[in-house]
There are 2 protein chains.
Amino acid sequence: MILNLDPRSNTPIWEQVVHQIKELILREILLPEEKLPSVRELSGTLLINPNTVSKAYQELERQGIIETLRGKGTFVSASIIPKADDQKTTELKQQLKQLIIDASYLGIDHQTLSKWLKNFSEELGGKNSHAESE
Amino acid sequence: MILNLDPRSNTPIWEQVVHQIKELILREILLPEEKLPSVRELSGTLLINPNTVSKAYQELERQGIIETLRGKGTFVSASIIPKADDQKTTELKQQLKQLIIDASYLGIDHQTLSKWLKNFSEELGGKNSHAESE
DNA sequence: ATAAGTGTACTATACACAGTAATACACACA
DNA sequence: TGTGTGTATTACTGTGTATAGTACACTTAT
């Protein structure tokens, strides 16, 4: 598995790993029940520390996206059930508001943002049903 | 001026100050040419260090949103011209994509995001013209 | 049993950055 | 002259990221 990591980014490496694996699952490049690379293997290909990969895997498991079986490996969860989280939802709305503010100062209007949102949504969510309620 | 700061947030205090002042300007609660609180005064009301406020002001000035006159104070710029920045625009699009991914795992669909985007845009951009090109 | 591969836990270290603290400087204005 | 302004500098503390090395518990295959 090859991920694009930016060591100079302000977002931690383990968080970048979490983000990109979530995207790979959404795009169905990683399928349910599929085995992920081992901690040591992925740390080798990404040239980062095993602990960093482990931290990313633990966070993904905490979110119920992957499952770990001791001695066997880590696997994409068979069924990923989106769970509503009021606090995270509030944070996400706040993040969206800030994004709109930043866009405004870049001269990007609502229509453009709306178009981007539509494009990304079709690109990401067209294949699966995470975003479809129940 | 009263801002809502969260010392336990992962985003630095100076960045929170930057964000919220940009929002106050967009909402026209802070008007062009209006004087901002002094570094020492704002640090007093917010119970943070003067250096932290200074850092926020310097960042806002770097973005052309406020102007500082040595010995006089800091003021909202007379005319805030949104400047297109390819790199920042790319980052913003990346941020939007990540937001959509996070939303997906929270069970929030495209339609809901689109609605929130519309609401926030009307709430923020209805009064001024930052987002209107030229 | 043995060995290899798995995730996990622990300690230690280095590094960067946020934030605080204290001080000093340069300028505007009354 | 004095006060208020933004700025600069230095030092210190705390926190979090990341690396490094080691050890442990478990699964699987030999």
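Naming: A, B, ... by sequence-line order, numbering from 1 per chain.
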Using the C1' atoms of the five pairs at each end, what is the angle between the end axes of the helix from C:dA1-D:dT30 to C:dA30-D:dT1, to 10°? 10°
Apart from A:I2 itself, members of its ILVMFWY cluster (side-chain separation under 4.5 Å) are none
Among Ile, Leu, Val, Met, Phe, Trp and Tyr joined by side-chain contacts under 4.5 Å, find the other residues sharing a cluster with B:L47 and list them by chain and number. none
Under 3.5 Å, is there a donor on one side chain and an acceptor on the other for [X] and [Y]?
X      : Y      : answer
B:D109 : B:T112 : yes
B:Q16  : B:Q20  : no
B:T45  : B:E41  : no

Could you check which of D:dT7, D:dC26, D:dA23 has an atom nearest any side-chain atom of A:R70? D:dC26
Kindly state which residues belonging to residues 9-17 of chain A come within less than 4.0 angstrom of DNA chain D, counting heavy atoms of the residue only, listed by number. A:P12, A:I13, A:W14
Report which part of the nucleic acid B:E67 touches: base, sugar-phosphate, or nothing (heavy-atom distance under 4.0 Å, all strands). nothing
Within the 4.0 Å heavy-atom criterion, would you say B:L69 contacts the bases, only the backbone, or no part of the nucleic acid? nothing
Within less than 4.0 Å of OP1 or OP2 of D:dT19, is there a side-chain N or O belonging to A:T52? yes
Does anyone know the first and last nucleotide of DNA chain C in reach of chain A, 5' to 3', at under 4.0 angstrom to a heavy atom? C:dG5 to C:dC10
Side-chain donor-acceptor contacts of residues 92-102 of chain B below 3.5 Å, not counting sequence neighbours, with atom names and distances?
unit_1 : atom_1 : unit_2 : atom_2 : d
B:K97  : NZ     : A:E23  : OE2    : 3.2
B:Q98  : NE2    : B:D102 : OD1    : 3.2
B:D102 : OD1    : A:K22  : NZ     : 3.4

